[in-house]
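Please read all numbers here as calculations on a predicted model, not as lab measurements. Chain identifiers are assigned alphabetically (A, B, ...) following the order of the sequence lines, protein sequences preceding nucleic acid strands; residue numbering begins at 1 within each chain.
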Number of protein chains: 2
Amino acid sequence: MLQKNAGYFEQKGCEERSSKKEKALKRQQEAAAAAALAAASIEEADPLSGNYGEWPKWTEIGLVNESLKNKPVLVRGRIHTNRPVGKNIGFLVLREEGFTIQCVLTVAENLISRQMAKFATSLSKESIVDIQGIVSVPDAPIKGATQQVELQVRKIYAICKAVPTLPLNIVDATRSEADIEKALQDGGQIVRVNQDTRLNFRVLDMRTPANLAIFRIQSHVEDIFREFLKSQGFFGIHTPKLIEGTSEGGASVFELDYFGTPACLAQSPQLYKQMAICGDFRRIFEIGSVFRAEKSSTPRHVCEFIGLDVEMEFKEDYSEVMDVVDGLFVAMFDSLNKNCQKELEAIGKQYPFEPLKYLRETPRLTFEERVQMLKEAGVEVESLGDLNIEMERKLGKLSHGIDLKSIESYIDAFRYATHPHGGFGVGLERIVMLFCGLKNIRKTSLFPHDPQRITP
Amino acid sequence: MLQKNAGYFEQKGCEERSSKKEKALKRQQEAAAAAALAAASIEEADPLSGNYGEWPKWTEIGLVNESLKNKPVLVRGRIHTNRPVGKNIGFLVLREEGFTIQCVLTVAENLISRQMAKFATSLSKESIVDIQGIVSVPDAPIKGATQQVELQVRKIYAICKAVPTLPLNIVDATRSEADIEKALQDGGQIVRVNQDTRLNFRVLDMRTPANLAIFRIQSHVEDIFREFLKSQGFFGIHTPKLIEGTSEGGASVFELDYFGTPACLAQSPQLYKQMAICGDFRRIFEIGSVFRAEKSSTPRHVCEFIGLDVEMEFKEDYSEVMDVVDGLFVAMFDSLNKNCQKELEAIGKQYPFEPLKYLRETPRLTFEERVQMLKEAGVEVESLGDLNIEMERKLGKLSHGIDLKSIESYIDAFRYATHPHGGFGVGLERIVMLFCGLKNIRKTSLFPHDPQRITP
């Protein structure tokens, strides 16, 4: 069942990673020793209860809180910051998925050696470490971490070390524009990470809380798109992205050679999704790659994006399509507001934005009403006839220059009779960009490619 | 929010379609007249109740049954077959989504004229018509249609006419190999529609019950893939399909020019999905296009397919990935068997197959157990060392000839430290092919493209 070249299980880490088997063995030995200790009956509450017993399984850093006071935990995270305080204390902040916790190494005989504290505070930022420690609750609030408890380190192992000097720091990449301005006004020195640097080192930029949230929201948009349409009797299809023909019509397409036949990348699934309707698929949607070889470098354009496309039969008229559009976007925006509050807050913290305002139903105006509105807005509209001629001219421009040979199958499809139908399309990245008030589509495309960028 | 060139509402039919506005007006007038009739109080059950009252809204052909006896219905469907019987009776079978109903026009004064019966029986096959009629239940079972009731036609309008001669008939394209063999043995003449003809005229081939079912199943596979993985904390991402680099390593990729930079189409999302793990996305999946420029023309290969890819951090070892694989495929196959019985039956009718046998849990063997099994099966395995050397050689071949420059971002990603991780990938079309026992991947790709075919 697995694809050729794709039926694999990779097991990878980085070279520095210590031998997994040895560690597993070590843990087993520790667990056995701990179990022996636990077996001895404990007759009263013991302030040293964290020093023996069975070591717990993994805990997410975001879940380490006061309820675990004096309890042992095992966490894995990245080193967000670390520093020694004198010779006998080391601090480090460990990060996992946007949550951070302060970890303390206090030199003490038979517990923490000076070498151990030095090892922990010398590890490069972004390195991944496993820490076994006891949860403690300090008197004063903790400023440098999200979790209001500390971890008294007992053991620390490096799982994967990062290079000593990073091209950008997550702390810098996380700052909002307001934070930067404030720091600059206060006369401080601060690093502003520009958009290009972010994209050059995208795997680092991705680790900011805002980015972790943006792409979860994107996935949720797709979920709602599918779920709403499925509830309305639609199902998903996939149509070719590699299609016959060239850009003779002047359209901006990427051309390539297909075993000797001139071909190009699909600019939209338009013709194919209509062919699916000709094939009696009735109500379909497609989530797939769309390619545009447009040279425009605007904040709203990339050369490759994900199109959310819909096509459907209708019985009476296209208002049936508009009903689907209305229902879909209201369901989508409602669900984002209801289910993604945490993610929206994380984005707003770095990129403040006003919640999107939307109507429960899109106003539907007659042609006359629209003309009247235009007139009232001071737009010169001579007569209905004039508008229509303009519209026809535009329509004329739209079929201009296409090589009919390359869309023969599409034209033929209509000869075999088709239901009246309609549809619409929207870019996934644009929905997220607009909903979250982000100003650049490069913030909502995971690895955006534009005329100036094809890597990473 | 709508994409440039994609923010449209199309309203299309074919040229022959009669004026929609006129029809709507006519229906309104009829409804008004019927409403007047209905207003007269009806004091007892009336055998002519189907002749007056308000004409109902649309009914799906698959839902027209005995419960609607003597009731008026309005249906839209394609002409599956039609023929006159003498001068005074016309039969036609109307089809909608695999369901068929026999419609009868019996010439009667002020109800059905000879011209009307001739119009109905002269319409080309696959034309789309609206029929208003009264449901009747004949004494004998109906052989030529799925619905065991007839429709006594009162009105019939052509919505869209097909060309008179079709390149393939749906009736022919629907026949199983067994039906064909039987007909041939009985000395009959019968048309066998070969795979290439099906693909040349795919929009007609798509209308067979088996095809309508295959692509609904494909969409369901995708649904379960998403839903299961979401329940396990995964979310979906999209990575570029248009990437830097060429096929210098000899790999079979489609090459193209990206604004002056050599580029190619992604053979797999492998490197990008690992970069997402480096970016702390933790558990992700991707559903997206995969391109292979392989010249092999086998029943299992196409040049473009949909990859279902997964990548995830693990804490201890790759058995955590195997847990996900096991859970995913068992959930998927269980759900197909439970929720797609109707579709599986429709496929089995044309392409009989045995239900897929699968284990609740994949057996996990140690290396030694596998060697022992190979030995017992008569495979010569000299020693563990020999096997490992062979594996290393294979591994050596896999990094052979890649231009490191083009995957620099990927290699760099590991310098910034990454969690131990693993993943897997599988082709959507192959899952459906194997589950439904279909022998050719061209049956599960909507518009398959291979070295010999790029259209439709």
(message) Please check: side-chain N/O of A:R76 versus main-chain N/O of B:K315, any donor-acceptor pairing under 3.5 Å?
(response) yes
(request) Tell me, for A:S289 versus chain B, whether the close heavy atoms (under 4.5 Å) come from the side chain, the backbone, both or neither. (result) side chain
(request) Please state whether the rings of B:Y272 and A:F447 are parallel, tilted or perpendicular, taking 30° and 60° as the class boundaries. (result) tilted
(message) At a heavy-atom distance under 4.5 Å, which candidate from A:P456, A:C303, A:G288, A:S445 has the highest pair count against chain B?
(response) A:P456
(message) Working to the nearest 0.5 angstrom, can you tell me the gap between B:E244 CD and A:I454 CD1?
(response) 6.0 Å
(message) Rounded at 0.5 Å granularity, tell me how far CG in A:L199 sits from OG in B:S409.
(response) 11.0 Å
(message) Under a 3.5 Å distance rule, please check whether B:Y258 uses its side chain to pair with a backbone N or O of A:D450 as donor and acceptor.
(response) yes
(message) Please rank B:P240, B:G236, B:A413, B:P167 by heavy-atom pairs under 4.5 Å with chain A and give me the top one.
(response) B:P240
(message) Counting only non-hydrogen atoms closer than 4.5 Å, does B:D205 touch chain A with its backbone (N, CA, C, O), its side chain (CB onward), both, or neither?
(response) neither
(message) For B:S127, which atoms come within 4.5 Å of any heavy atom of chain A: side chain, backbone, both, or neither?
(response) backbone
(message) Has B:R207 got a side-chain atom pairing as donor or acceptor with A:F281's backbone, closer than 3.5 angstrom?
(response) no
(request) Pick whichever of B:Q218, B:K125, B:H220, B:K295 has the most heavy-atom pairs under 4.5 Å with chain A. (result) B:K295
(request) Would you mind checking which part of B:I237 comes under 4.5 Å of any heavy atom in chain A, side chain (CB onward), backbone (N, CA, C, O), both or neither? (result) side chain
(request) Mind checking the NE2-NZ spacing from B:H449 to A:K241? Nearest 0.5 Å is all I need. (result) 10.5 Å
(message) Please classify the contact of A:E227 with chain B as side chain, backbone, both or neither, using a heavy-atom distance under 4.5 Å.
(response) side chain
(request) Run the salt-bridge test on B:R78 and A:E313 with the 4.0 Å N-O cut-off and return the result as yes or no. (result) no
(request) Could you tell me which of B:I277, B:I128, B:L256 has the largest number of non-hydrogen atom pairs under 4.5 Å with chain A? (result) B:I128
(request) Against chain B, label A:I284 side chain, backbone, both or neither, depending on which of its atoms sit under 4.5 Å from a heavy atom there. (result) neither
(request) Start with the C-alpha gap between B:E96 and A:D280, add the side-chain angles, then the distance that decides, and say whether side chain to side chain contact (heavy atoms under 4.5 Å, CB included) holds. (result) CA-CA 8 Å; B:E96 186 178 42; A:D280 284 357; over 6 Å; no
(message) Out of B:E97, B:M275, B:R282, B:M433, return the one with the most heavy atom pairs under 4.5 angstrom to chain A.
(response) B:R282
(request) Find the one option among B:L265, B:L271, B:I287 whose heavy-atom pairs under 4.5 Å with chain A are most numerous. (result) B:L265
(message) Restricting to non-hydrogen atoms, name the atom on B:F254 and the atom on A:D257 that form the minimum distance, rounded to 0.1 Å.
(response) CD2-O, 4.0 Å
(request) Measure distances from A:K230 to the heavy atoms of chain B and classify the residue's part below 4.5 Å as side chain, backbone, both or neither. (result) side chain
(message) Heavy-atom cut-off 4.5 Å, strictly under: side chain, backbone, both or neither for A:R453 against chain B?
(response) backbone
(request) Measure B:R226 against the heavy atoms of chain A and call it side chain, backbone, both or neither at under 4.5 Å. (result) side chain
(message) Quick check: closest heavy atoms across A:G279 and B:L212, and the distance to 0.1 Å?
(response) O-CD2, 3.9 Å
(request) Select one option (side chain, backbone, both, neither) describing which atoms of B:L308 are under 4.5 Å from chain A's heavy atoms. (result) neither
(request) Considering non-hydrogen atoms only, spot the tightest contact between B:Y416 and A:F201 and give its length. (result) OH-CD2, 3.7 Å
(request) Sort B:E304 into side chain, backbone, both or neither according to what part of it lies under 4.5 angstrom from a heavy atom of chain A. (result) side chain
(request) Would you mind checking which part of B:L242 comes under 4.5 Å of any heavy atom in chain A, side chain (CB onward), backbone (N, CA, C, O), both or neither? (result) both
(message) When you compare the side chains of A:H238 and B:E222, does any donor N or O come within less than 3.5 Å of an acceptor on the partner?
(response) yes
(message) I'd like to know which of B:D412, B:I243, B:V290, B:T239 tops the heavy-atom pair count under 4.5 Å against chain A.
(response) B:I243
